[in-house]
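Note that this is a predicted model, so its numbers are computed, not measured. Note that ligands are numbered from 1 as they come in the structure, with each ligand's atoms numbered from 1 the same way.
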Amino acid sequence: MVVFKFVLEKKDSESKARIGYFETIHGRVETPIFMPVGTVGSVKTVTPHELKEIGAQIILGNTYHLHLRPGDDIVNHFGGLHKFINWDKPILTDSGGFQVFSLSELKDLTEDGVTFRSHLDGRKIFLSPEKSIEIQSNLGSDIMMVLDECVPYPCEKSYVERSIELTAMWAKRCKEAKRNFWQALFGIVQGGVYKDLRKISAEQIVEIGFDGYALGGLSVGEENNIMYEITEFTTDYLPEDRPRYLMGVGTPEDILECVERGVDMFDCVMPTRNARNGLLFTSYGKLHIKRQDWKMSDDPIDPHCDCYTCKNFSRGYLRHLYKAGEILALRLNTIHNLHFYISLVKEIRNAIKNGCFKKFKREKLEMFKIGGD
Ligand SMILES: CC1(C)O[C@@H]2[C@@H](CO[C@@]3(CNc4nc5cc6c(=O)[nH]c(N)nc6cc5[nH]4)OC(C)(C)O[C@@H]23)O1
Ligand SMILES: [Zn+2]
């Protein structure tokens, strides 16, 4: 029985942009979509209630972090991640592979799986395709990701060639290990920045067959134009009737560029991480709240924004809170930045629906440049 269903509603006539939606047992998610990152079971500094007010439809959790702390068995004891964190809409969990490569001291990588030391206490941990699916089953996420090998950038082509074979074998084992019919499973295409290897990897992963397909191995330090080129190339080899998810991306500009190239789903720590560093996104570009310029400013962060922060507080006050190291600064900044990203993708959906996405994108990118960096 298939629960996960993606409906492609409209394709843009001038680009590969499209609008659609998918449904899980926890509800409907419209695409293109931005997914706030809640790595260890919380989108940092904001509550599930505030996330709903902002308009979040789906959030991310992470297998690696939740397995290490508090433990997926503990989360399962509480009835799974939705109950544990009190979020009743969809959740997508990453498989843990990428975090092993980017966070922990890699001990050993074999065909069977990867052994690493926990970045928390140095404990030796083994992660295999089967183990990753077991953890994600315990977490009870609506969408699971396969365990893959995300190669670094840059990376020797000969290594990437071998790596996509491992990634395809692991993807197959993940699909075979899947237990709960109500959990969707997305495949992940690798291949580094080599188009011929991206084509092979896409064909291998599509051949196995998944509910959706992610582009992995990007947003790992490569230049933007390479990320756009690989995205443009790879989406042509993915089925139109399944969602495409570009992992770890990105800036507002990246989202506009990659929607145009056929991507439906995005996640990035940028809105939340930058908020905590006082870097705010506005219609006219980025704003550093700690700047002297805002000391006496009674303006909202963004005059076009109707988020709770912009409706209630001035730049002068937000600057004061930030300089004073107040926790409220982190919360109000995060509410605004997440609202900015979620509103951006909502406007993108409307622009595609109204057949004016290219014009919308051009105007948005122009406006982002006005305010400088
Ligand atoms: C953009 C920004 C701000 O996001 C930060 C930091 C560095 O990039 C990020 C985001 N990029 C990113 N690429 C990914 C690729 C894969 C992948 O190939 N496989 C799987 N399973 N998961 C992935 C998750 C990914 N996240 O990756 C970490 C290291 C999580 O921090 C993020 O720069
Ligand atoms: Zn705002």
Side-chain angles (χ1 to χ4, degrees), residues 35 37 39 53-55 60-65 92-104 114 119 127 129 132 136 143-153 155 160 163-164 167 170-171 174 185-193 198 201 205 213-222 224 227 230-231 234 245-255 258 265-277 279-283 287 289 299-315 318 332-344:
M35 305 183 282
V37 176
T39 303
E53 272 188 349
I54 293 168
L60 243 69
N62 192 285
T63 296
Y64 169 86
H65 293 84
L92 180 149
T93 45
D94 197 353
S95 54
F98 182 74
Q99 281 65 36
V100 168
F101 297 109
S102 65
L103 274 179
S104 67
V114 57
H119 72 290
L127 193 60
S132 177
Q136 296 182 78
I143 300 174
M144 303 187 288
M145 301 307 294
V146 297
L147 182 69
D148 58 327
E149 185 188 8
C150 172
V151 296
Y153 174 79
C155 184
V160 182
S163 172
I164 60 171
T167 282
W170 282 4
C174 283
L185 180 63
F186 278 23
I188 303 177
V189 175
Q190 291 289 347
V193 294
R198 281 279 168 181
S201 180
I205 301 300
Y213 297 93
L215 284 76
L218 292 172
S219 184
V220 289
E222 77 284 359
N224 275 352
M227 177 171 76
I230 294 296
T231 299
T234 309
Y245 166 23
L246 181 52
M247 305 186 87
V249 173
T251 64
E253 295 82 356
D254 294 339
I255 290 175
C258 295
M265 297 166 71
F266 299 88
D267 87 273
C268 192
V269 295
M270 220 171 256
T272 40
R273 184 180 294 178
N274 285 10
R276 298 196 301 279
N277 296 324
L279 189 57
L280 302 170
F281 292 95
T282 82
S283 319
L287 178 155
I289 197 62
D299 293 332
I301 296 170
D302 185 337
H304 301 290
C305 181
D306 63 352
C307 84
Y308 171 71
T309 302
C310 290
K311 284 193 295 195
N312 291 286
F313 306 102
S314 68
R315 292 182 186 184
L318 292 168
L332 295 176
N333 290 356
T334 301
I335 286 167
H336 168 76
N337 274 1
L338 282 176
H339 184 278
F340 181 88
Y341 265 69
I342 288 165
S343 304
L344 173 66

Student: Short list, please: which atoms of ligand 1 are under 4.0 Å from a heavy atom of I188?
Tutor: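 In order of numbering, the contacting atoms are 21 (N).
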Student: Do T63 side-chain atoms and D94 backbone N/O form a donor-acceptor pair below 3.5 Å?
Tutor: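 Between the backbone of D94 and the side chain of T63 there is a qualifying donor-acceptor contact (under 3.5 Å).
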Student: Before we go on, tell me: are the rings of F98 and Y64 under 6.0 Å apart, centre to centre?
Tutor: no
Student: Please find out if the Zn ion (ligand 2) and some N, O or S atom of H339 are separated by less than 2.8 Å.
Tutor: no
Student: With a 4.0 Å cut-off on heavy atoms, is M145 touching ligand 1?
Tutor: no
Student: Assess L218 for proximity to ligand 1: is some non-hydrogen atom of it under 4.0 Å away?
Tutor: yes
Student: Checking the side chain of N333 only, and the main-chain atoms of A275 only, is there a donor and an acceptor separated by less than 3.5 Å?
Tutor: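 Side chain of N333 to backbone of A275, a donor-acceptor pair under 3.5 Å: yes, one is there.
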Student: Give the residue, atom name and distance (to 0.1 Å) of the protein heavy atom nearest atom 22 (N) of ligand 1.
Tutor: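 The answer is D94 OD2, 2.7 Å.
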Student: Below 4.5 Å, heavy atoms only, C-beta onward: do T272 and N337 meet side chain to side chain?
Tutor: no
Student: Taking only heavy atoms of G216, which atoms of ligand 1 are found under 4.0 Å from at least one of them?
Tutor: 17 (C), 18 (O)
Student: So which of G248, S132, S219 gets nearest to atom 8 (O) of ligand 1, if we judge by its closest heavy atom?
Tutor: S219
Student: What is the distance from atom CD1 of I301 to atom OG1 of T309, rounded to the nearest 0.5 Å?
Tutor: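 Reported value, rounded in 0.5 Å steps: 5.5 Å.
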Student: Would you mind listing which atoms of ligand 1 come within a distance below 4.0 Å of any non-hydrogen atom of C150?
Tutor: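 Checking each atom against C150, I get 17 (C), 18 (O).
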Student: Which protein non-hydrogen atom lies closest to atom 28 (C) of ligand 1, naming both residue and atom, and how far is it?
Tutor: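 Nearest protein contact, heavy atoms only, for atom 28 (C) of ligand 1 is F98 CE2, 3.6 Å.
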Student: Verify side chain to side chain contact (heavy atoms under 4.5 Å, CB included) between L287 and R315, making sure each step is shown before the conclusion.
Tutor: CA-CA 10 Å; L287 178 155; R315 292 182 186 184; 3.4 Å; yes
Student: What is the SG(C305)-the Zn ion (ligand 2)-SG(C310) angle, to the nearest 10 degrees?
Tutor: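 Taking the Zn ion (ligand 2) as the apex, I get 110° for this pair.
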Student: Any non-hydrogen side-chain atom of I205 less than 4.5 Å from a side-chain atom of I188?
Tutor: no
Student: Before we go on, tell me: are the rings of F281 and Y341 under 6.0 Å apart, centre to centre?
Tutor: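 When the ring centroids of F281 and Y341 are compared, they turn out to be within the sub-6.0 Å range.
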Student: Under 4.0 Å from atom 33 (O) of ligand 1, can you find at least one protein heavy atom?
Tutor: no
Student: Is G217 near ligand 1, meaning one of its heavy atoms is under 4.0 Å from it?
Tutor: yes
Student: Could you pull out the atom name of the N/O/S atom in H336 that is nearest the Zn ion (ligand 2)?
Tutor: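 Looking only at N, O and S atoms of H336, the one nearest the Zn ion (ligand 2) is named ND1.
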Student: Look at atom 19 (N) of ligand 1 and say which protein heavy atom is nearest, naming residue and atom and giving the distance to 0.1 Å.
Tutor: D148 OD2, 2.8 Å
Student: Among protein heavy atoms, which sits nearest to atom 5 (C) of ligand 1, and what does the distance come to when rounded to 0.1 Å?
Tutor: V269 CG2, 3.6 Å
Student: Between T282 and D302 (side chain of the first, backbone of the second, donor and acceptor by atom type, cut-off under 3.5 Å), is there such a pair?
Tutor: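 No, T282 side chain to D302 backbone: no donor-acceptor pair under 3.5 Å.
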Student: Heavy atom of S95 under 4.0 Å from ligand 1?
Tutor: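 S95: in contact with ligand 1 (<4.0 Å).
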Student: Quick check against the 3.5 Å criterion: does H65 have a side-chain atom that pairs as donor or acceptor with the backbone of Q99?
Tutor: no
Student: Nearest heavy atom to atom 6 (C) of ligand 1 wins, so pick from M247, M270, R273.
Tutor: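 Answer by nearest heavy atom: R273.
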Student: So do M265 and M247 actually touch side chain to side chain, heavy atoms under 4.5 Å?
Tutor: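 Contact flag for M247/M265 side chains = no.
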